[in-house]
Amino acid sequence: MVDTGFLKNISLFASLEEDDLNRLRQLWKPLKRNAGQLVFKKGDRAHSMFIVKDGEVAITVWTKDNQEAVLTNLASGDFLGELALLDGSPRSASAKAIRETQLLEMTRDDFLEFLRSRPEVTIKMMEIIASRLRATNEMMEHSTTRNVNEEIEQHMTLGDQFAAIFARISGSWPFIFVFIALLAAWVGLNIFGF
């Protein structure tokens, strides 16, 4: 059985009273995964959520280039699998043990029943999910932007590079002011016949 002190140190359950923690600790079952072994994979049906008791788990997705991208690493006290558990959708990413890992598992039915009786846990979970989603979005945005720029630069011809430099210069404010000054001088010369 899980120790209530361990649960109390998890941000999701930190605000719970001792009675709630005692009830909650009875809902978890131990689970072990060896290094490299999947906890779940993307597309699996979600039937439980997990807490890392000891060890480390990587949350991963596969890119279009067939490379495994690590979204985050989770350690002792972190929870995973809650997103698909809430909406009943298939898993949106895979979870894999980085080293031998001890997990705690709670079924979807037990979890939802507990959330119904403890709305403060639901609110805390939404905050954590939103934070994780923001971090993932920022990581993907940075990665996508960097890769697109590198891809464009690799395929530019000498003419493309010259055009890009000319566009950068001719679109600048100093260029526009110099151009207007020269145009005004030329018009002045033509009007006054110098």
Side-chain angles (χ1 to χ4, degrees), residues 1-63 68-144:
M1 200 175 290
V2 186
D3 179 64
T4 57
F6 176 76
L7 292 176
K8 187 75 172 169
N9 288 325
I10 297 170
S11 60
L12 192 58
F13 308 124
S15 63
L16 295 180
E17 299 295 327
E18 197 66 31
D19 290 343
D20 294 330
L21 289 170
N22 278 323
R23 181 172 165 228
L24 181 64
R25 75 185 189 126
Q26 297 170 17
L27 303 176
W28 297 99
K29 295 182 176 82
L31 180 71
K32 178 184 166 189
R33 288 291 183 261
N34 295 318
Q37 191 175 9
L38 286 174
V39 179
F40 54 79
K41 83 176 173 194
K42 182 178 177 177
D44 282 352
R45 188 176 146 267
H47 56 79
S48 55
M49 75 169 285
F50 305 88
I51 292 177
V52 180
K53 187 172 183 188
D54 184 48
E56 192 173 2
V57 173
I59 305 299
T60 65
V61 294
W62 287 90
T63 66
E68 190 174 27
V70 176
L71 300 177
T72 190
N73 288 331
L74 304 174
S76 180
D78 290 328
F79 60 92
L80 60 145
E82 76 290 341
L83 188 59
L85 203 60
L86 289 172
D87 65 5
S89 297
R91 302 284 187 192
S92 59
S94 296
K96 179 172 63 175
I98 295 174
R99 55 189 168 93
E100 186 176 301
T101 301
Q102 304 294 327
L103 299 157
L104 300 172
E105 180 180 20
M106 185 190 306
T107 67
R108 182 175 196 268
D109 291 340
D110 287 342
F111 180 66
L112 293 177
E113 181 61 35
F114 184 77
L115 287 182
R116 283 185 197 101
S117 64
R118 301 296 177 265
E120 66 274 15
V121 174
T122 307
I123 292 167
K124 185 65 176 173
M125 180 173 282
M126 288 188 311
E127 291 172 0
I128 293 170
I129 290 170
S131 174
R132 288 181 180 179
L133 183 59
R134 250 187 219 95
T136 301
N137 286 345
E138 287 173 11
M139 182 187 76
M140 296 307 285
E141 181 180 327
H142 174 72
S143 175
T144 302

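- For S76 (side chain) and K53 (main-chain N/O), a donor-acceptor pair under 3.5 Å exists by modelled atom type.
- Within 6.0 Å of NZ on K8 lie more than 12 heavy atoms contributed by other residues, nucleotides or ligands.
- Contact annotation: the side chain of S94 never approaches that of E68 to less than 4.5 Å [non-hydrogen atoms, C-beta and beyond].
- Interatomic distance, CD1 of I10 versus CZ of F79, reported as 9.0 Å (0.5 Å rounding).
- Atom-to-atom distance recorded for D20:CG and R23:CZ is 7.5 Å, nearest 0.5 angstrom.
- Heavy-atom minimum distance, T72 versus L74: CG2-CD2, 4.1 Å.
- Between the OG atom in S131 and the CD atom in E127 there is a gap of 9.5 Å [rounded to 0.5 Å].
- F114 is listed as a side-chain neighbour of L16, based on a closest heavy-atom distance under 4.5 Å.
- A donor-acceptor pair under 3.5 Å is absent between the side-chain atoms of N9 and the main chain of F6, judged by distance alone.
- For the atom pair CG (N73) and NZ (K96), the distance works out to 10.5 Å, reported to the nearest 0.5 Å.
- Using a 4.5 Å cut-off on side-chain heavy atoms (C-beta onward), L80 and F40 make contact.
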Indicate every side-chain donor-acceptor pair of residues 97-104 with a distance under 3.5 Å to a residue at least two apart or in another chain.
residue : atom : partner : partner atom : Å
T101    : OG1  : E56     : N            : 3.2
T101    : OG1  : E56     : O            : 3.2
T101    : OG1  : R99     : O            : 2.7

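- Across all their heavy atoms, S92 and V61 have their closest contact at O-CG1, 4.0 Å.
- Between W28 and M49 there is a side-chain heavy-atom pair separated by less than 4.5 Å.
- Judged by distance alone, the side chain of D44 and the main-chain N or O of K41 form a donor-acceptor pair under 3.5 Å.
- In this structure, CD on E105 lies 11.5 Å from CD1 on I51, to the nearest 0.5 angstrom.
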Checklist entry - How far apart are the C-alpha atoms of S48 and K29, what are their side-chain angles, what is the distance that settles it, and do they pass the side-chain contact (heavy atoms from CB on, under 4.5 Å) test? => result CA-CA 11 Å; S48 55; K29 295 182 176 82; over 6 Å; no
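- Considering only heavy atoms from C-beta on, V57 stays 4.5 Å or farther from F50 through its side chain.
- Taking CG of L27 as the start and CE of M106 as the end, the distance is 5.0 Å to the nearest 0.5 Å.
- Of the possible polar contacts, none joining the R91 side chain to the A46 backbone as a donor-acceptor pair under 3.5 Å is found.
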